[in-house]
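Worksheet: the structure to be examined is printed underneath.
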Amino acid sequence: MISSLVKELKYEKAFELFRDVNRDNGFTVDCFTISTLLTACSGCFALMEGRAVHAHAIRAGFETNLSVKNALIGFYTKCGSIKDVAALLERMPVRDIITWTEMITAYMAFGYVDLAVEIFDKMPEKNCISYNALLAGFCKNGKAVEALDLFVKMVEQGLVLTDFTLTSVVNACGLLMEAELSEQIYGFVTKCGFGSNACIEAALVDMWTRCGRMADAEKMFHRWPSDKDGSIIWTSMLCGYARNGQPERAISLFHLCQSEGRVVADEVMLTSVLSVCGTLGFLEMGKQIHGLVLKTGFSSDVLVANSLINMYFKCGNINNAITTFHATPLHDIVSWNTLIAGHLLHRQGDEALAVWSRMENSSIKPDAVSFALIISAYKYTNSNSVDSCRNLFLSMKAIYEIEPTSEHYASLVGVLGYWGFLEEAEEIINRMPFEPKASVWRALLDSCRIHSNTTIGKRVAKHIISMEPQDPSTYVLVSNLYSASGRWPNAEMVREDMRGKGFQKHPSRSWIIHQNKVHSFYVRDKSHPQEKDIYSGLEILILECLKAGYVPDTSFVLHEVEEHQKKDFLFYHSAKLAATYGLLTTRHGQPIRIVKNILICGDCHSFLKYVSVVTRREIFFRDASGFHHILNGQCSCKDYW
DNA sequence: GTAGGGTTAG
């Protein structure tokens with residue numbers, strides 16, 4: 001009876017019935033029912049119920065039953081702690097190779113890599129499964145180098161390599177993201193004659209995409225037989241496209257998968273495609289997938305829910321994001337972080353801080369990401385609360401016992417810099433207890449751009465370039481810094497320097513979603529089918545804005561050309577093209593929604609403010625800094641971004 | 001007892 005209730009997903013009733021039986025000391029439930037109940041408890045994080053079932057199993061003498069034991073390990077791995085799993089295994093009457101291996105897997109699942117290694121070294125006997133368990137554990141914890149070392153040892157010792165071994169090695173290589181090594185590993189796997197093992201093939205697709213070898217990934221993906229279950233390999237490919245800056249392809253793949261109907265979208269695929277919808281700002285599609293999530297019953301999966309919340313925020317729908325958060329039965333730290341990040345994306349610092357207080361009253365403890373986020377919230381508070389920000393930073397270590405990393409310093413520097421405390425920010429970096437990553441200096445350089453401070457900016461840029469001479473983004477920042485302060489010749493010098501070193505700027509791109517399609521524009525892009533309408537529309541728009549007082553700022557043109565040509569470059573920036581397309585394709589009174597992959601330039605920002613006046617339209621512009629909500633000539637970023 | 005795809009920041 002209890003088992004059938006669980007099967008029908010009526011957990012509450014099943015637990016109730018179990019409690020009745022449990023109270024009556026004369027009765028015990030059988031091993032199968034105990035296992036079923038434990039699986040149910042794992043599914044809904046019912047720690048108390050699971051513990052009660054465990055106590056019952058001990059009383060009935062079923063703890064050592066193989067299926068009960070496995071269910072208990074599964075339950076404690078998901079809902080409990082490593083102590084629970086360790087205590088359970090300690091009580092097993094026989095400590096054989098299987099128990100030892102289970103210990104390794106458990107320690108690895110909880111992230112205790114050193115303890116797992118200790119157990120492995122202490123084991124009186126080892127076989128290839130124990131090696132595989134350790135190998136997989138390294139991969140699970142991102143220890144690719146350790147995994148590869150172990151693999152080499154296995155080969156040297158002549159151990160039997162199974163499909164499990166090869167899958168883990170492929171995984172390790174994906175973690176390293178090294179294209180050349182991936183070639184070698186692939187050669188090795190082929191030599192071993194892995195045949196058509198689904199796990200290895202899926203791992204290979206994932207590895208290729210992580211190493212940037214999309215053609216190889218596609219080749220393997222297309223070889224997948226259509227009669228075989230493909231949800232995993234399809235998701236690998238979909239995420240691969242997303243990871244390699246091809247979100248449109250990821251969306252097409254999802255459409256294909258839906259229309260062909262042979263691969264059913266599961267919770268992992270839905271999570272991934274929702275993330276892509278967020279990246280693109282694809283609200284309509286995101287809503288449709290939300291419908292699918294509700295229909296398929298995946299809305300209680302916390303990862304799916306978090307991805308939904310994130311999607312709504314990135315698509316500009318704050319209300320749906322918050323409603324989805326409240327509709328989710330179980331929140332983890334990522335749910336809270338997503339909520340905070342969402343408010344920050346909309347520059348709502350006070351709202352983010354309010355969420356922070358609510359989180360502090362919940363049972364969830366903030367993690368390192370929470371702090372990186374909440375420190376940044378002080379950029380967007382209504383009153384200058386730099387003091388509170390400094391205190392929060394200090395409390396990290398003092399109260400929460402989280403050691404600040406470069407990311408946290410970068411957030412703090414960003415806030416101080418934003419409010420104009422550039423010297424203090426520089427001082428903090430110089431006094432950091434460890435070597436700062438380039439990202440910390442970059443946060444300060446960004447502040448120098450905002451405040452047009454070339455004195456500090458130049459110093460900071462030197463640091464970054466010496467640390468990361470290969471990274472073109474610094475040159476762009478320095479160049480923009482000079483441009484923003486009207487020092488055009490210097491900006492061009494930096495550009496020249498960049499060209500001399502063979503760097504190419506990450507191409508700037510803006511897009512609009514219209515009729516379920518992404519309409520993307522680069523600077524001076526003429527590839528759109530409605531190119532003529534867009535360019536003539538933009539001509540008119542520019543004239544209207546000039547009449548209203550718009551003054552083109554040619555310092556944002558990063559090419560050495562004549563003044564009249566500069567305007568030509570400036571007028572056809574991707575943001576302006578996308579905005580015009582948005583005006584042409586939406587009815588009067590409808591807002592325009594644009595997304596840009598990097599920061600919007602100062603001239604486009606000023607232009608869009610005039611556009612909002614002359615067309616009486618509301619503009620939602622999302623760039624790398626967050627949303628610019630432009631209305632009646634004013635922007636929510638207060639012209640600091 | 002060991003294997004494949006997922007969410008948040010920068």
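Just so it is clear: chains get the letters A, B, ... in the order the sequence lines come, proteins before strands, and each one is counted from 1.
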Could you note down all residue pairs passing side-chain hydrogen bond (donor to acceptor under 3.5 Å, both in side chains) where residues 102-114 of chain A supplies at least one of them, sequence neighbours left out?
A:Lys69-A:Glu102

Which nucleotide span of DNA chain B, 5' end to 3' end, has atoms closer than 4.0 Å to non-hydrogen atoms of chain A?
B:dG1 to B:dG10

Within the 4.0 Å heavy-atom criterion, would you say A:Ile129 contacts the bases, only the backbone, or no part of the nucleic acid?
base

Scan residues 325-344 of chain A against DNA chain B and write down, sorted by residue number, each residue with any heavy atom closer than 4.0 Å; if none is found, say none.
A:Val334, A:Asn337, A:Thr338, A:Ala341

Check: residues 121-129 of chain A side-chain donor-acceptor pairs under 3.5 Å, at least two apart:
from: A:Lys126; atom 1: NZ; to: A:Phe120; atom 2: O; distance (Å): 3.3
from: A:Asn127; atom 1: OD1; to: A:Ile129; atom 2: N; distance (Å): 3.1
from: A:Asn127; atom 1: OD1; to: A:Ser130; atom 2: N; distance (Å): 3.0
from: A:Asn127; atom 1: OD1; to: A:Ser130; atom 2: OG; distance (Å): 3.0

Please work out if A:Val205 contacts a base, only the sugar-phosphate, or nothing of the nucleic acid, heavy-atom cut-off 4.0 Å.
nothing

DNA chain B-proximal residues of residues 98-113 of chain A, any heavy atom under 4.0 Å:
A:Ile98, A:Thr101, A:Glu102, A:Thr105

Give one of base, sugar-phosphate or nothing for A:Lys140, where a contact means two heavy atoms less than 4.0 Å apart.
sugar-phosphate

Derivation of the side-chain contact (heavy atoms from CB on, under 4.5 Å) call for A:Met285 and A:His255:
CA-CA 10 Å; A:Met285 188 170 171; A:His255 282 313; 3.8 Å; yes

Categorize A:Ser231 for me: base, sugar-phosphate, or nothing, with a 4.0 angstrom heavy-atom threshold over every strand shown.
base

Check DNA chain B against residues 348-358 of chain A and give the residues with a non-hydrogen atom under 4.0 Å, in numerical order.
none

Regarding A:Asn171, tell me which of base, sugar-phosphate or nothing describes its non-hydrogen contacts under 4.0 Å with the strands shown.
sugar-phosphate

Parallel, tilted or perpendicular: which fits the ring planes of A:Trp441 and A:His463, with parallel below 30° and perpendicular above 60°?
parallel

